[in-house]
Amino acid sequence: MPRFSVSIHIVPRKGLLDPQGKAVADALHALGFATVADARIGRHIVLEVDGESAEAARAQATAMCDKLLANPVTEDYEIAAVAGG
Amino acid sequence: MPRFSVSIHIVPRKGLLDPQGKAVADALHALGFATVADARIGRHIVLEVDGESAEAARAQATAMCDKLLANPVTEDYEIAAVAGG
Amino acid sequence: MTAAAVPSPVAPRPGDPEITPALVAEHGITPFEYEKLVAMLGRTPTFTELGIVSALWSEHCSYKHSRPVLKTLPTQAPHVLQGPGENAGVISVGDGLAVAFKIESHNHPSAVEPYQGAATGVGGILRDVFTMGARPIAMLNSLRFGNPESARVRWLLAGVVKGIGDYGNCVGVPTVAGDVMFDASYEGNPLVNAMCVGLMREEELITAKAQGIGNPILAVGARTGRDGIHGASFASEDLSEENEAKRPRVQVGDPFTEKLLLEASLELIRSGHIVAIQDMGAAGLTSSSAEMAERGDVGVVIDVTKVPVREPGMTPYEILLSESQERMLVVAKQGHEAAVQAILHRWHLEAEVIGEVIAEPVYRVMEGDRVVAEFPGTRLVTDCPQYHPEARESAQYHPEARESAAIVALRARDPHAVAPRAEEADPAWTLAQLLSSPTVASKRWITRQYDSQVRTSTVAGPGAADAAIVRLYVYLDPRTGARIAVAEAARNVACTGARPLAITNNLNFGNPKKPDVFFQFREAVHGMGDACRALGTPVTGGNVSLYNENPQGAVFPTPTVGMVGLIDDVAHATRMTFTTPGDAIILLGETKDELGGSEYLSRVHGLTIGAPPSVDLEGERRLVETLVEAIGSGVVRSAHDCSEGGLAVALAECCVADRDAMCGAEVRIDDLALPMRSAFFGESQGRVLLSTAEPDRVLAVAARHGVPARRVGTVRADPVLVLSLGGTTLESPLAPLAAAFHDAIPMLMTRAATAAA
Amino acid sequence: MSLTFGVVTFPGSNCDVDAWHAVIDVLGERAVSLWHADHDLQGADVVILPGGFSYGDALRAGAIARFSPIMREVIAHAERGAPVVGFCNGFQVLCEAHLLPGALMRNASSKFVCDWVHLRVDGTNAPIFLDAYAPGQLLRIPIAHGEGRFVADEATLDQLEGEGRVAFRYVDAAGHATDDANPNGAARNIAGITNAAGNVLGMMPHPERAVEPLLGSADGLPLFQSLLARVGA
Ligand SMILES: Nc1ncnc2c1ncn2[C@@H]1O[C@H](COP(=O)(O)OP(=O)(O)O)[C@@H](O)[C@H]1O
Ligand SMILES: [Mg+2]
């Protein structure tokens with residue numbers, strides 16, 4: 001079965017405080033990067049998944065996000081890319 | 001000045017242990033997702049940056065990665081996308 | 001694996017680079033050492049053998065420059081169950097219980113990657129303690145950084161603290177004490193010394209001595225990856241296709257795996273299925289297997305193809321030298337392999353048989369059927385060259401001892417010749433300066449990030465531990481400085497009510513090949529030995545970290561002392577801060593005209609000059625006896641020793657250190673005929689401030705032990721500090737002193753931090 | 001009157017010893033150790049999910065532990081109306097397992113914090129845990145966590161408040177729920193909550209570390225005593 005590299009973004013829900021993002025934005029300002037208006041920090045997960053097709057790999061990844069990878073109370077996820085095969 | 005949304009991936013260097021990725025891969029297996037061969041976990045950062053052009057915003061983000069966002073000893077980064085403007 | 005089959009002779013592997021003088025030099029092996037190696041083998045070494053020797057004969061593993069000096073330290077006492085030579089020292093604390101403890105440095109890794117460097121330092125020292133059979137119950141650390149005005153120093157500090165916290169917190173071992181100091185000499189080369197204390201029953205003690213011909217050797221815990229392979233900076237093309245930039249030089253710690261390994265190892269040790277266990281620490285599989293064989297005086301054979309690896313295609317060289325974390329080497333009893341594996345599997349860890357203890361006197365590494373390295377007997381360990389470097393301090397400038405002339409001159413300077421700054425007219429100003437010095441100020445910003453309470457129930461019982469060193473003193477006068485370091489550690493331990501029992505130490509110095517650096521090293525070790533003999537606290541182990549240099553020169557010579565003591569009755573353990581208005585304040589010890597090497601000169605004048613304070617080791621011993629007895633009788637409410645910043649800072653700390661329960665104080669010593677600055681800020685040794693409701697009883701104890709003691713004041717309910725010495729009065733509300741003390745580091749740390757220099 | 005407490009050990013749990021100490025040495029009750037991979041609660045009347053770093057806090061604290069085999073039994077136990085309590089990491093597991101609403105996110109300071117806090121007893125729907133406390137009583141209890149910021153949507157928060165399910169709130173020494181007294185940025189200073197039936201409690205602070213004056217406070221003890229009186233009777 002071909003192997004796919006599935007790239008997933010998991011980000012804190014809009015409206016929820018993102019302390020890491022805020023800390024990074026503050027640190028960037030302190031370092032003189034005045035052009036930064038905002039920073040949000042989430043997770044970037046890359047899964048190597050065996051599947052019949054890119055669609056199958058994506059479906060698998062979606063199931064994994066729903067079951068484990070993202071917490072629906074606080075996070076949104078997006079399957080950003082499926083590569084290889 | 002227009003505002004750009006710069007999306008950055010920061011991932012653990014290849015060859016370095018990724019304890020989080022390993023724990024997640026093991027958990028996915030335990031949950032029955034047998035098709036997962038590997039998981040790597042990094043950070044997904046979205047910066048809102050003011051700049052003259054998309055290129056300028058990208059250059060700013062690169063400087064920020066070098067100076068603060070990525071740890072050159074343990075992490076690789078990639079500017080995944082620059083949107084808006 | 002069958003050890004019986006006669007192996008073929010050692011031959012280079014296909015693809016191994018040719019052994020050239022350049023390759024030998026890149027491995028940090030001198031021509032003299034190379035000759036010794038060839039003579040030992042009777043042939044040219046293979047590439048794999050070169051790597052093995054480069055690791056085992058490195059300073060870090062072999063102590064080739066320091067061992068002869070270390071041998072002068074006292075190591076014996078009836079309560080010492082295990083002295084130096086094992087993973088950790090062990091002392092008996094009575095009731096069948098024993099304490100294992102050791103300190104280790106991770107200075108160089110932390111300078112490159114503070115988070116992982118510090119985290120893996122904590123991991124390593126935890127393993128040293130639990131491989132003795134002890135359950136870790138407390139972590140301590142001693143940190144040195146450059147000037148925190150620098151953004152890079154703040155980045156290092158934040159990373160180190162987070163690394164220590166994340167690792168210790170996750171493993172579930174409380175981080176209970178330590179010290180942090182700042183000085184420009186540590187710029188670029190921070191010191192990160194971590195200490196672990198563990199508790200066990202005496203009969204659970206196990207060592208790392210390979211024994212029993214035919215016993216299997218197992219690799220246990222995490223898989224082996226390509227991390228931290230150093231063996232000097234050899235050319236990368238020879239090793240693999242990966243390019244240099246991609247080869248990870250730092251190790252990444254995994255505290256979760258460590259926690260599992262901790263539980264599994266203790267279960268394994270108690271199970272009776274194994275005869276020895278050792279951490280795969282520096283130089284990984286190579287050093288652990290060779291050292292275990294040497295301790296047991298047996299042969300071993302190892303097959304690298306049996307080692308569980310993280311990546312395909314790893315060479316024997318890489319597998320042997322990898323410093324991947326959270327791994328152990330175990331010698332099991334023959335036939336008990338499956339039982340060992342069952343225990344590890346229950347904790348989700350791997351255990352594979354990778355070799356065997358053999359009768360043939362040889363250290364042999366196989367790659368399947370091929371022998372890739374073979375050393376006769378235990379000579380790989382025992383034949384390591386030893387050096388006796390020159391040690392010299394000279395008042396004259398000498399090209400090879402550049403620093404010592406400068407140090408001699410600094411030591412000779414008279415602190416009283418330093419003109420006071422105008423602001424010093426108000427001693428309260430000076431006091432606030434000292435309280436806000438990062439070295440003195442509250443370290444709560446740091447300690448709040450450590451879980452100091454997990455397992456608290458077990459810590460309270462057996463011991464008290466403290467780490468202390470006195471940096472400026474060792475620079476100015478290494479022998480006196482090191483004596484003070486031990487005496488201060490004993491005083492700190494005794495201030496909690498515990499009797500000091502033994503020490504572990506970490507010697508952080510510069511390049512030993514420089515005569516003035518080696519002079520500092522030798523004198524400091526001798527000074528430490530003097531103090532340990534006088535105080536009856538033998539050395540049960542430690543670590544040496546040399547080559548701590550930055551472009552400006554060596555760091556301040558820094559011997560870190562970790563001391564363990566025993567509290568007989570935990571109900572009497574005391575605090576350092578005043579608790580009860582109306583209590584009498586007693587000063588133990590004598591205040592002399594000693595301003596040299598003080599924090600006052602450093603903070604207010606930017607100077608490291610003068611002779612450090614004198615130390616009377618016999619007097620320190622009597623002071624410790626006084627503290628142990630007085631606190632043990634339950635009449636002491638608080639005890640705090642006078643160290644950096646002298647009497648004024650010690651008193652202020654007693655008043656404001658616990659921000660939720662501050663107390664005022666009034667102290668007067670009118671007949672103290674000393675220069676004002678020496679009286680307030682001098683750092684005379686052997687002094688402790690006590691508070692008590694029963695001053696007469698404390699004074700009687702001190703008198704019995706011949707320790708100078710007098711009632712000097714009273715704890716007050718109103719928030720002011722009054723300190724009147726020899727006619728000069730310092731008076732200040734507590735609020736500004738508390739602000740200076742508590743806010744200094746948080747304010748610093750809100751400023752930008754970056755890895756970029 | 002006696003009780004059996006089942007203390008779950010996940011890979012990476014480390015306050016299981018603190019819980020045993022409280023139950024066995026201080027309360028003098030029976031504790032059984034429940035291994036995460038087991039399927040049997042061994043007759044435990046009360047289940048404790050202890051603090052620690054189950055699965056190294058990979059992904060989110062508690063995210064992986066929630067799928068441990070023993071959790072199926074714990075969920076069934078809770079659904080039968082029997083008491084389940086989670087401290088720190090245990091609270092995180094309970095939220096991930098949907099036995100309690102909301103989630104616990106990284107502290108607002110983004111730093112781990114170990115300290116003593118004041119709590120106010122605000123809960124009214126869970127006497128089995130809170131009976132031995134006076135309503136509104138102030139407690140001093142330690143915290144030690146990096147992901148303790150309780151979040152939930154406004155409707156859920158209102159419902160928790162309305163049903164008396166905010167068991168504990170972070171307050172200052174005077175009992176006021178101020179921002180300064182909030183160590184992690186939790187919504188409405190919430191330190192602990194209960195389920196609608198009042199038999200599941202999750203809280204970030206560590207009452208099991210505050211059971212003896214020698215450890216600095218005994219304010220955690222009434223929680224165990226409530227269970228003893230209500231469940232053990
Ligand atoms: N400064 C010292 N004082 C006493 N003993 C020491 C000192 N430095 C090292 N040792 C002892 O030498 C042995 C080897 O130490 P080390 O190489 O640090 O062990 P590890 O392999 O765990 O790093 C240990 O038993 C240690 O206690
Ligand atoms: Mg070691």
Side-chain angles (χ1 to χ4, degrees), chain A residues 1-12 14 18 20-21 23-53 56-70 75-81 84, chain B residues 1-12 14 18 20-21 23-53 56-70 75-81 84:
Chain A
M1 224 172 352
R3 177 163 294 178
F4 297 88
S5 193
V6 184
S7 166
I8 302 167
H9 295 161
I10 298 179
V11 292
K14 279 244 167 58
D18 171 18
Q20 279 181 298
V24 161
D26 290 348
L28 288 171
H29 288 155
L31 288 173
F33 293 104
T35 55
V36 179
D38 188 32
R40 306 278 299 166
I41 300 196
R43 257 185 270 279
H44 172 65
I45 303 185
V46 181
L47 300 177
E48 303 296 323
V49 184
D50 295 328
E52 298 298 345
S53 64
R58 178 184 287 270
Q60 281 280 308
T62 305
M64 294 180 218
C65 286
D66 289 335
K67 181 120 196 210
L68 175 72
L69 300 177
E75 296 169 325
D76 291 318
Y77 71 86
E78 166 198 28
I79 312 284
Chain B
M1 227 174 345
R3 178 161 294 178
F4 297 88
S5 192
V6 184
S7 166
I8 302 167
H9 295 161
I10 298 181
V11 291
K14 238 177 130 195
D18 172 15
Q20 226 196 145
V24 166
D26 290 348
L28 288 170
H29 288 156
L31 288 175
F33 293 105
T35 55
V36 178
D38 189 32
R40 308 275 299 165
I41 301 193
R43 283 171 296 148
H44 170 66
I45 303 184
V46 181
L47 300 177
E48 303 295 325
V49 184
D50 295 329
E52 298 297 344
S53 63
R58 178 183 286 271
Q60 281 279 307
T62 304
M64 294 179 214
C65 285
D66 288 335
K67 189 121 193 214
L68 182 77
L69 302 177
E75 295 172 323
D76 289 320
Y77 69 86
E78 167 200 27
I79 313 282

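The basis for the numbers below is simple: all heavy atoms, side chains too, and nothing from hydrogens, waters or symmetry mates. To find a chain, count down the sequence lines: A is the first, B the second, and so on, and within it residues start at 1.
Between A:His9 and B:His9, the angle of the ring planes goes over 60°, which puts this pair in the perpendicular group of the 30/60° scheme.
The line from OG of A:Ser5 to CZ of B:Arg40 is 11.5 Å long, rounded to the nearest 0.5 Å.
Each of A:Ile41, A:Val49, A:Asp38 has some count of heavy-atom pairs under 4.5 Å with chain B, and the biggest count is that of A:Asp38. In terms of heavy-atom pairs under 4.5 Å with chain A, the best-connected choice from B:Ala25, B:Gly51, B:Ala37 is B:Ala37. Of all the listed residues (B:Val46, B:Val36, B:Val11, B:Leu47), the one sharing the greatest number of non-hydrogen pairs under 4.5 Å with chain A is B:Val46.
When the shell of 6.0 Å around CD of A:Glu52 is examined, it contains 12 or fewer heavy atoms from other residues, nucleotides or ligands.
Of the two parts of B:Val6, neither the backbone nor the side chain holds a non-hydrogen atom closer than 4.5 Å to a non-hydrogen atom of chain A.
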Side-chain donor-acceptor pairs of residues 56-70 of chain A under 3.5 Å, sequence neighbours excluded:
unit_1  : atom_1 : unit_2  : atom_2 : d
A:Gln60 : OE1    : B:Thr35 : OG1    : 3.0
A:Thr62 : OG1    : A:Arg58 : O      : 2.8
A:Asp66 : OD1    : A:Tyr77 : OH     : 2.7

